[in-house]
Amino acid sequence: MSDTPAPPDTPAYDPAAIEATWQQRWADRGTNSPDLASGGDPYYQLMMFPYPSAEGLHIGNLFAFTGADIHGRFQRLQGRTVFEPIGFDSFGIHSENFAIKVGAHPAALTPQNVVNFRRQLHRAGLMVDWSKEVVTSDPSYYKWTQWLFLQLYKQGLAYKKAAAVNWCPSCKTVLANEQVKDGQCERCDSLVEQRLLEQWFFRTSQYAPRLLDNIATLDWSETTRQAQRNWIGRSDGAHVTFRVANAHDVTVFTTRPDTIFGATWVVLAPEHPLVAEIVTPARRAAVDAYLERTRTRDVVSRKVNKEKTGVFTGAVAINPATGQPIPVWVADYVLMEYGTGAVMGVPGHDERDFEFAEKFALPIVRVVAGADDDAHAPLTEAYAAKSDADLLVNSGHFSGMPVPQAKKAVVAWLEERRSATPVVNYRLNDWCISRQRYWGPPIPIIYCDSCGPVPVPEDQLPVVLPLIDDFRPDDSGISPLARHDEWYRVPCPTCGIMARRETDVSDTFLDSAWYFLRYPSADRADVPFDAALTRKWLPVTTYIGGNEHAVLHLLYSRFITMALKDAGLLDFEEPFTRFRAHGMIIRDGAKMSKSKGNVVNPDDLIDRWGADSFRTYLMFLGPYEEGGDYRDSGITGVRRFLDRIWGPVHECTADGAPDATVLRKLHATIRKVGDDLPALGYNTAIAAMMEYVNTMRASERTVHRAEVEPLLQLLAPFAPHMTEACWEQLGHTTSIFDSGWPTYDPALLVADVLTIAVQVNGKTRGTVQVGKDATQADVYTAALQDPVIAKLVVTEPKKIIYVPGRLLSIVV
RNA sequence: GCCGACGUGGUGGAAUUGGUAGACACGCCAGACUUAGGAUCUGGUACCUCACGGUGUCCGGGUUCGAGUCCCGGCGUUGGCACCA
């Protein structure tokens, strides 16, 4: 960029040439491919691998990768053997839908996209070990995804059941519950329908307590840990049994057993198996009509439109606390998939029940009251406040007891009468992994009329996804692969008679739930992951990624790891020791998107400014874990900063001694950057280096070699190419990344003269210069020399507070 | 509705965790060097005031010698969850 005539011996800083040169050298010399078997002090630096879109790398990808790369490079400068792999999450509905949209085949499009991504990632100067790349749609990878399915199957963790599932009519596939938001498809926003299909599930719910309890042991971003806790959704309560005349008992789940004296009805979910049994002949027609109505209602109006509906079954249950008969209703505000599919209606203390009671004129009884409330005043809304001072009322011999205590006491009392048991419930469901789509790993199961479902023998893996032209999904709910007899008709592995392959493929989240296990062993065709390498390199030391995967991807990965541990295939059960969520890059205060037309193309920016400036600028936008607002104009400042280092490196002198002031600033900077980098405080580390460069170059002085050389090491993680070139210019023949991290001398950090702020009655009135060993009395004496302060301090101060090295506060 | 995060100049953001608010950078203003400047360098830049001085970290209270930071009550922005009993 600079046209300034440089001194004859200083070549202009030309990022394009330097970056190409060093990327080539790193590749030729294997600089970024550590010896995984022999390298000491292993550090596994993982970044979330991208889905290779046709648009190429998004600026958000590069923000994420650069931050992770800086962390990895810093660890390497600290002397660790750093393994920083990357790959491509190339299977899945994203890739398939895009292929359909542009009329191409995903098997043709994906490799093109991967080539483009690889090119862009190389340009960004990441310290990636390209010899360990994985591509999830490659048979050499998905062979092991299928193997993984079989391991879970063997353990009884994979099972098939007919279930009401979420069907997206636009994507034409089943969606996991977690892919449905407000009754809409997370991907395309279509209204989701309910369908009853046979699906494969993993028993994630079985691991809920462990997945929850382990969270306490993880060094993860707090927001991510909280999101996982919420998702797993532990709630402590009780099962309470209600007698129903001439029928089975109804068991409900409640977290408020203390309110049972106020339960004035019981409700079953429409799908509850007992509905058919308890309904009285007189009410059967009405109930059947209601069930029919809910069945045909789509998920949206059921889950989003919260208008209460319901119907009385005619049955009567006995409240086990009061002994009173209460009606049994059916209503769709009760969900079959949670708890027991039945609840007790306590309108006084639950908003939903209150609404239901008002609509159907059911009795509302108050059984909890705040200390100052009248126990007999009618309720105008549900009283669900959770103050510990709330007391039970109208609750027999429990009246007057505080709520927390009553929760336990009531259950214990009912337990004695065999009407209740304490229960912990989790919100976490089993993971539906079936997808009625084409672009994924076929689920390795064969259905035989005489043997039933038979797993494909492991030595016959992979079940190769056939290259077919009519891969588009249709509305039948049957996978495209089912249209190909020649593929799906196979002999049964057990008995040899003609059988049928499973034609569904598995969820993309399964591909990514184990990829970190594959990386170190990516070049091994004989095993999914080598035992010795895995023991040495896993769990992942630091994982950096987006919080949009806080729940699904991270939870599934944790589940898979636990399942493999239980199968004896791993010796750890948490895959990611440390996880940090990076923030999001926005532009003009809004998310970048094509529709808003505010997308920034990374290729253009690297062409114009160079990867080093681009990387450093992205990290300078704001705190890494919070993200930042991308502004086009700001990158000039960072480019200028690099230019201002490039010059001195080429013109520095080794004669004489470095300047004392500069040296003190240098050591302060080494400390600051060394403290900031492990905590991902990239923006402040860059600011500190800028400050140092301003000091170093003050008054256009000639810079000493010892002033600039350590700076290159501090800057190297941000601007790897430029610092390598400068390092070479200073006469080094090996990579700067093998040069270690500079140390600072604490003795040099203390200035000889300190500036102390002086406050009088809390207001800053001036500053004084004192020697570094000055006492409170010295500072006070010095302060009184200041006429402004002397004028304010006319009497003996009431109080003097001295904060050593910082300020003196005088109270008069 | 529930849970969490956040609120600082024209802008992005700093602030050693209770100690001189606005580091660093963008932008802007002025100057230097220039045929030229969208290059480079130097200086200035929170607000009010000619000045002395005063006021300032969303608003209102409080604790403290001292509050951007801690406490109480509001308002706003944003992310997640949501008929989960």
Side-chain angles (χ1 to χ4, degrees), chain A residues 1-5 181-182 222-224 226-227 229-231 233-235 237 252-256 259 267 269 302-308 331-335 337-346 349-353 355-356 384 425-429 547-548 550-551 583-584 589 617 620-623 625-626 628-638 640-641 643-644 647 671-672 675 681 683-694 697 699-700 755-767 797-812:
Chain A
M1 294 310 290
S2 165
D3 307 335
T4 312
K181 299 222 152 120
D182 290 334
E222 189 47 43
T223 51
T224 313
Q226 197 51 45
R229 284 192 204 103
N230 292 343
W231 190 261
R234 175 185 168 122
S235 61
V252 305
F253 174 72
T254 178
T255 56
R256 294 296 306 273
T259 62
V267 211
R302 176 145 177 204
K303 290 209 170 179
V304 177
N305 173 5
K306 295 176 181 174
E307 177 78 28
K308 295 285 172 292
D332 70 358
Y333 80 93
V334 177
L335 308 176
E337 61 267 24
Y338 186 76
T340 61
V343 306
M344 61 187 199
V346 184
H349 307 285
D350 180 283
E351 276 179 43
R352 297 151 301 183
D353 293 341
E355 214 182 299
F356 195 72
N425 232 313
Y426 296 90
R427 211 189 69 111
L428 184 67
N429 300 119
N547 234 355
E548 67 273 18
V551 175
M584 249 183 24
Y617 180 52
F620 190 57
L621 286 175
E625 290 172 90
E626 283 161 42
D629 199 346
Y630 186 90
R631 284 159 303 127
D632 303 296
S633 55
I635 195 168
T636 55
V638 167
R640 207 150 28 218
F641 165 63
D643 273 327
R644 283 157 55 84
R671 179 170 73 167
K672 172 76 174 153
D675 286 348
N683 58 331
T684 50
I686 293 165
M689 290 187 281
M690 287 174 166
E691 272 189 71
Y692 174 63
V693 169
N694 290 343
R697 290 183 45 123
S699 315
E700 298 184 73
T755 302
I756 308 291
V758 181
Q759 297 183 345
V760 179
N761 287 345
K763 278 199 195 302
T764 303
R765 294 298 179 175
T767 59
K798 289 186 197 142
K799 198 171 176 183
I800 301 175
I801 295 136
Y802 179 54
V803 183
R806 305 207 62 83
L807 68 67
L808 184 78
S809 182
I810 304 169
V811 187
V812 294

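Every chain is numbered from 1 and lettered A, B, ... according to where its sequence line falls, protein lines coming before strand lines. Heavy atoms only: backbone and side chains are in, while hydrogens, waters and symmetry mates are out. Please read these numbers as outputs of a predicted model, since none were measured by experiment.
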N or O in side chain of A/R427 less than 4.0 angstrom from B/A82 OP1/OP2: yes

Nucleotide B/G79, atom P - distance to CD of A/E626 in whole Å: 15 Å

Under 3.5 Å side-chain donor-acceptor pair for A/Y617 and A/T636: no

Rounded interatomic separation in angstrom, taking CG from A/L808 and C1' from B/G19: 12 Å

Test item: A/D675 and A/R671 side chains (from C-beta on) under 4.5 Å apart, heavy atoms: yes

OP1 or OP2 of B/A85 under 4.0 Å from side-chain N/O of A/Y333: no

5' priority, RNA chain B, between A/P623 and A/D353 [closest heavy atom]: A/P623

Cationic tip of A/K308 above A/F356 ring, under 6.0 Å, 45° of axis: no

Atom-pair distance (OH on A/Y338; C1' on B/C81), nearest Å: 13 Å

Watson-Crick or G-U wobble partner of B/C2, both distances under 3.5 Å: B/G80

Euclidean distance, atom CG of residue A/D350 to atom P of B/C2 [Å, nearest integer]: 14 Å

Check against ring pair (Phe, Tyr, Trp, His ring centres under 6.0 Å), A/F641 and A/F620: CA-CA 12 Å; A/F641 165 63; A/F620 190 57; 8.4 Å; no

Gap in Å between the two P atoms, one belonging to B/U45 and one to B/G10, rounded: 15 Å

Side chain proximity check, A/P797 to A/V811, heavy atoms < 4.5 angstrom: no

Heavy-atom side-chain proximity of A/T255 to A/F253 below 4.5 angstrom: yes

Among B/C41, B/A85, B/C81, the nucleotide that comes nearest once only the side chain of A/W231 is considered: B/C81

Under-3.5 Å donor-acceptor pair between A/K308 side chain and B/C83 base: yes

Reported CD1-to-CG distance for the pair A/I635 and A/L621, which is rounded to 0.5 angstrom: 9.0 Å

Closest heavy-atom pair and its distance - A/E222, A/R229: OE2-NH1, 3.4 Å

Of A/E351 and A/G341, the one whose closest RNA chain B nucleotide lies more 5': A/E351

Nearest-Å distance for atom pair OH/P, residues A/Y426 and B/A85: 13 Å

Nearest-Å distance once atom P is located in both B/G60 and B/A67: 15 Å

d(CG, A/N425; P, B/A85) in whole Å: 8 Å

Nearest-neighbour nucleotide for the A/Q226 side chain, B/C83, B/A21, B/C3 considered: B/C3

Separation between the C1' atoms of B/C26 and B/G9, rounded to whole Å: 13 Å

Base versus backbone protein contacts along nucleotides 23-31 of chain B [heavy-atom cut-off under 4.0 Å; B, S, -]: BBSS-----

Distance in angstrom units between A/N761 CG and B/U64 C1', rounded: 13 Å

Heavy-atom closest contact (A/M690 atom, A/G637 atom, distance): CE-O, 4.4 Å

Base orientation of B/G9, syn vs anti, 90° cut from 0: syn

Distance in angstrom units between A/N547 CG and B/C81 P, rounded: 11 Å

Separation between the C1' atoms of B/G68 and B/A15, rounded to whole Å: 9 Å

Anti/syn call for B/U17, syn if |chi| within 90°: syn

Summary of protein contacts for nucleotides 51-57 of chain B, nucleotide by nucleotide, where a base hit scores B, a sugar-phosphate-only hit scores S (4.0 Å, heavy atoms): ---SS--

Heavy atoms of other groups near A/E548 CD, more than 12 under 6.0 Å: yes

Residue-phosphate contact under 4.0 Å: A/S235 side-chain N/O, B/A85 OP1/OP2: yes

